[in-house]
Amino acid sequence: MFQEIEERLASTIQRELASRFQLDLKVSLEQPKQSSFGDLAIPVAFQLARELKRSPRQIAGEISNVLVDIPGVSSFEIAGNGYINVRLKRGGYARSLLFAGPSKTAASSGKTIVEHTNINPNKAAHIGHLRNAVLGDTFARMLRQRGRTVEVQNYIDNTGVQVADVVVGFHFLEQKSVAEVRELISNPALRFDYLCWDLYARVSNHYKEHPGSLDWRAQTLHEIEAGTGELAEIGHLVADAIVALHLKTMYRLGIEYDVLPRESEILHLKFWAAAFELLKQREAIYFETQGKNAGCWVMPSTAFRNATGEDGDDSKVIVRSNGTVTYVGKDIAYQLWKFGLLGKDFYYRPWSAYPDSHEIWVTADVPFVDKPPQFGRASHVFNVIDSRQSYLQDVVVAGLRALGFDEQADASIHFSYEMVALSPRTCVDLGIELSEEDRRRAYVEVSGRKGLGVKADDLIDKLIETALGEVIDRHPDADPEERKKVARQIAVGALRYFMLKFTRNSVIAFDFHEALSFEGETGPYVQYTAVRAANILRKYQERWNAPPAFDQVLSEELLNRCLENEGLWQLLLLASKADSAIERAISSGEPAHVAKYAFQLAQAFNNFYHEHPVIAEENAERRIFLLWLTTYVRDQLLRTLNVLGIEQPPYM
RNA sequence: GCGCCCGUAGCUCAGUUGGAUAGAGCGUCUGGCUACGAACCAGAAGGUCGGGUGUUCGAAUCACUCCGGGCGCACCA
């Protein structure tokens, strides 16, 4: 709502300036430094001061003289050294909120793909993967809330080195047959992904101690790519089983996917061959005949970055001298497919359905159903991948550009984020031995190879356990099953908020003590606020009666009177800015802005809660106003929480 | 060596694209529960925004430089 007022005001002022001063410039509004200055600020005098070579304050005076009878505005004031501060007509603004339907959304322009999670299917998910998935899922929710069409993809590298290494572990180290691996997977007493976590670390260690055993990896990779033999079969079993477990872990946090594109289909359907032809035709890559890359197809460095390799040759190998394609090559093919530029498509089969019957599809190399959904062919693509891979993402985009797809290259966004590391204190808690060097660091990097890290499910379990303890304390008589459900909701709220409160490019030094906190700037704080608001609404009905039709009872005059109170007005104004916050977070690519907004709104409401008892209010008109304000703030808070993927528990 | 990111209160972090007196949470100290549930609220102390130079009406924000930390720079993914 706020956004619409803001836009209308900006264009009105722009028109006035154009007709009065023959000035053609874009008027932008900003938030005053302090709320006491007003509701909106126009800094346009500063822009003009430069051109007109006159003092901003004088210009501001002339402009504000002209701005009279602007709808919705009660006053303009000149402040500071040239700001024009705007005060809105409070009652009128509140009235418009009463009648506001669903807020207008930007017209959807094509489909947006958000690719996230992308965990190697060879071991359990860890907290770094959680940051990826929560960021991607929240961004997708933000886009959907604002009316965009979104497709969520989770890329599965089921034929890569990491899967091969676990296969090596089962086959060569443990001498296990296909049947035995199958049994491990179906054994309900085991956590297969945890077992693979340890096995993967053991295999990595074995390679280090017996470098000759790397032949096992080569043999396994070869068989997996060919798709036949016992090793390939184990590979498929492992990857599918782990993917299922990853999806289960993510679903605990409310994270769902639309489609799982797999590397095996990219191979079998010869996606790379199609991309290779394109790249050769357009001369985006060339065959190197000399130097260290002799015999390879390479992309010249001039295409992507002014980087210089350690030894001077900085071109990027796309096809190895043995004829196999690198990861980047495959990724270029995949990125082309996402935009519908490859001239090839996958087949699909249903993988499973979520409880709400939303289906998740997986790629297939043969036709499976008559009319599968249409995937890919997007106009915008966001790849949620950690910032350590930015170099490779640059190469992929350069590939598109070299093929002449500038528009799609521009629409390919590397939605990067910094890693989640461990605080030294948490390492000690986990019994991880630290070197002298590590002890002095602010954080310690996790390592899948070393099996060093915090597993996602362990963290979620621990959060639930902690939350349940608190819930039991506060509600000793409540239904145990419901208490568990509440504890789960609180745990998810705490975890998702924790992953979102940091901006993307700050490294999170994961600390158990902080992550398990439910006080202060946390998800549970916001949830608690929503619960309080809901309690007021419930108890109001018990004490009085069903709330009246607000738009009938709350006249503009009454609203004006009630909103003379600065605190109440500021709360209403802030609550009306939910969509602005989401839109700002989309344009800046920073979900943390929505998290911050949710916290601020919760804070403002908690302050209101202490200062203004609703149910005990004796004046009936005023009581209804306070009830409406509570209802409105609560609705906005729930909308915001929904975007963050956080639920409101029935009680806390 | 080259590229990217970071440096803001004791700690963890924001800072709306260059604007008004730099903000939150945690921690410390003070006060507030017979309840719309204190997972809360109010208040206090705490900063030369890593250092320097520059750009201009105006810089935490932009440029240059130095210092300190992180991550990349494979015929791995």
Side-chain angles (χ1 to χ4, degrees), chain A residues 28 30-34 37 41 43 46 49-50 55-56 79-83 85 120 157 160-162 263 292-298 305-312 314 316-322 324-328 330-331 386-392 394 416 418-419 421 423 441-443 445 467 470-471 474-475 490 501-503 505-509 511 513-514 517-522 524-525 527-529 531-540 542-543 580-581 584 587-588 590 592-593 596 599-600 603 606-607 609-617 626 630 651-652:
Chain A
S28 60
E30 48 185 64
Q31 182 107 336
K33 190 80 185 161
Q34 286 176 38
F37 292 160
F46 295 110
R50 177 166 303 172
S55 89
N81 44 3
Y83 276 100
N85 290 331
N120 266 301
D157 182 6
V161 176
Q162 294 212 17
E263 183 160 83
K292 60 164 187 164
N293 293 334
C296 299
W297 286 88
V298 303
R305 189 181 269 197
N306 47 353
T308 309
E310 283 171 342
D311 46 10
D314 48 352
K316 178 71 197 166
V317 171
I318 305 295
V319 180
R320 305 185 186 102
S321 55
N322 67 4
T324 58
V325 60
T326 60
Y327 158 78
V328 184
K330 282 179 276 195
D331 218 22
D386 82 82
S387 60
R388 283 173 289 192
Q389 299 200 44
S390 62
Y391 163 70
L392 297 170
D394 284 351
S416 72
E418 279 291 342
M419 63 176 169
S423 74
R441 288 168 186 250
Y443 49 82
E445 195 173 348
E470 301 279 329
V471 174
R474 286 155 221 240
H475 303 276
I490 293 170
K501 72 195 276 193
F502 304 95
T503 49
N505 56 11
S506 100
V507 176
I508 298 181
D511 186 88
H513 181 74
E514 274 179 52
S517 162
F518 299 151
E519 289 166 17
E521 197 198 336
T522 65
Y525 174 93
Q527 289 174 306
Y528 184 68
T529 311
V531 169
R532 283 180 141 179
N535 282 345
I536 293 176
L537 303 184
R538 185 167 44 78
K539 298 218 167 177
Y540 185 96
E542 288 169 13
R543 170 84 164 73
S580 300
R584 189 160 54 85
S587 58
S588 62
E590 206 58 88
H593 290 160
K596 228 69 184 184
F599 175 66
Q600 280 165 6
Q603 242 180 352
N606 277 325
N607 172 274
Y609 183 92
H610 282 276
E611 278 189 28
H612 303 276
V614 178
I615 293 169
E617 173 59 47
L626 292 174
T630 302
Y651 59 81
M652 283 178 74

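Heavy atoms only: backbone and side chains are in, while hydrogens, waters and symmetry mates are out. Proteins get letters first, then strands, A, B, ... in listed order; numbering begins at 1 in each.
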Taking the same atom, C1', in G10(B) and in G47(B), what whole-Å distance lies between them? 12 Å

Using a cut-off of 4.0 Å on non-hydrogen atoms, how would the nucleic acid contact of Ala294(A) be classed: base, sugar-phosphate, or nothing? base

note: Glu611(A), atom CD; A42(B), atom P; distance rounded to Å ~ 8 Å

Just jot down the side chain to side chain donor-acceptor pair (under 3.5 Å) partners of Glu418(A), sequence neighbours excluded, or say none. Ser387(A)

Check every strand shown and say whether Phe518(A) touches a base, only sugar-phosphate, or nothing at a heavy-atom separation below 4.0 Å. base

For nucleotides 6-8 of chain B, tabulate all protein N/O to nucleotide N/O atom pairs closer than 3.5 Å, reporting atom names and distance.
unit_1	atom_1	unit_2	atom_2	d
C6(B)	OP1	Asn505(A)	ND2	3.2

Quick one: which of A14(B), A20(B), A77(B) gets closest to the side chain of Val161(A)? A77(B)

Arg388(A) atom CZ is separated from G3(B) atom C1', nearest whole Å, by 17 Å

When we call it a touch if two heavy atoms are under 4.0 Å apart, what does Tyr651(A) touch: a base, just sugar-phosphate, or nothing? nothing

Atom CZ of Phe46(A) and atom P of G18(B): how far apart are they, to the nearest Å? 15 Å

Under 4.0 Å between any heavy atoms, over every strand shown, what does Ala41(A) touch: base, sugar-phosphate, or nothing? Just pick one. base

Length of the CD-C1' vector between Gln31(A) and A20(B), whole Å: 13 Å

Would you check if the side chain of Asn293(A) reaches a backbone N or O of Cys296(A) as a donor-acceptor pair within less than 3.5 Å? no

What interatomic distance, in whole Å, is found between C1' of C36(B) and the corresponding atom of C41(B)? 14 Å

What contact category does Pro613(A) fall into here, base, sugar-phosphate, or nothing, at under 4.0 angstrom with non-hydrogen atoms? base

Considering only heavy side-chain atoms of Phe37(A), the closest of G70(B), A20(B), A39(B) is A20(B)

Report which part of the nucleic acid Val471(A) touches: base, sugar-phosphate, or nothing (heavy-atom distance under 4.0 Å, all strands). base

Once ring pair (Phe, Tyr, Trp, His ring centres under 6.0 Å) is applied, do any residues pair with Phe46(A), and if so which ones, sequence neighbours excluded? Tyr83(A)

How long is the gap from CD1 on Ile615(A) to CZ on Arg538(A), to the nearest 0.5 Å? 9.0 Å

With a 4.0 Å limit, can you tell me whether Tyr609(A) has a side-chain N or O closer than that to the phosphate oxygens OP1/OP2 of A38(B)? yes

Distance between the P atoms of C57(B) and G50(B), in whole angstroms? 25 Å

C1' atom, C71(B) versus A24(B): distance in rounded Å? 28 Å

Atom P, compared across G43(B) and C49(B): separation rounded to whole Å: 26 Å

Tell me if U21(B) is syn or anti. Syn = glycosidic torsion within 90° of 0, anti otherwise. anti

Base, sugar-phosphate or nothing for Gln527(A)? Non-hydrogen atoms, less than 4.0 Å. nothing

Remember a base hit wins even if backbone is also touched, and classify Ser321(A) as base, sugar-phosphate or nothing at under 4.0 Å, heavy atoms. base

Is Leu537(A) touching bases, backbone alone, or none of the nucleic acid, heavy atoms closer than 4.0 Å? nothing

Measure from the side-chain heavy atoms of His610(A) and tell me the nearest of C75(B), G32(B), G70(B). G32(B)

Gap between atoms CG and C1', on Leu392(A) and C4(B) respectively (whole Å): 13 Å

For Glu470(A), the side chain to side chain donor-acceptor pair (under 3.5 Å) test, sequence neighbours excluded, returns Arg474(A)

For A20(B), does the base pair up with any side-chain atom of Asn85(A) as donor and acceptor (N or O, under 3.5 Å, distance only)? yes

Using nucleotides 24-26 of chain B, report all nitrogen or oxygen pairs with the protein that are shorter than 3.5 Å.
unit_1	atom_1	unit_2	atom_2	d
A24(B)	O3'	Gln603(A)	NE2	3.4
G25(B)	OP1	Gln603(A)	NE2	3.1
G25(B)	O2'	Glu521(A)	N	3.3

Taking only N/O atoms, report every protein-nucleotides 43-50 of chain B pair under 3.5 Å with atom names and distance.
none

U21(B) and C26(B): how far apart are their C1' atoms, nearest whole angstrom? 25 Å

Would you measure the distance from the P atom in U65(B) across to the matching atom in G3(B) and give it in whole Å? 10 Å

Results of ring pair (Phe, Tyr, Trp, His ring centres under 6.0 Å) for Phe599(A) - residues two or more places apart only: Tyr525(A)

Rounded to whole angstrom, note down the C1' distance from A9(B) over to G25(B). 12 Å

For Thr522(A), check side chain to side chain donor-acceptor pair (under 3.5 Å) against everything at least two apart and list the hits. none

Asp157(A): which residues meet the salt bridge (Lys or Arg N to Asp or Glu O under 4.0 Å) condition with it, sequence neighbours left out? none

What residues, two or more places apart in sequence or in another chain, satisfy ring pair (Phe, Tyr, Trp, His ring centres under 6.0 Å) together with His612(A)? Phe608(A)

Length of the line joining Gln600(A):CD and C13(B):P, which is rounded to integer Å: 19 Å

Partners of Phe37(A) by ring pair (Phe, Tyr, Trp, His ring centres under 6.0 Å), sequence neighbours excluded? none

To the nearest Å, give me how far apart CD (Gln389(A)) and P (A74(B)) are. 14 Å

For Glu521(A), the salt bridge (Lys or Arg N to Asp or Glu O under 4.0 Å) test, sequence neighbours excluded, returns Lys596(A)

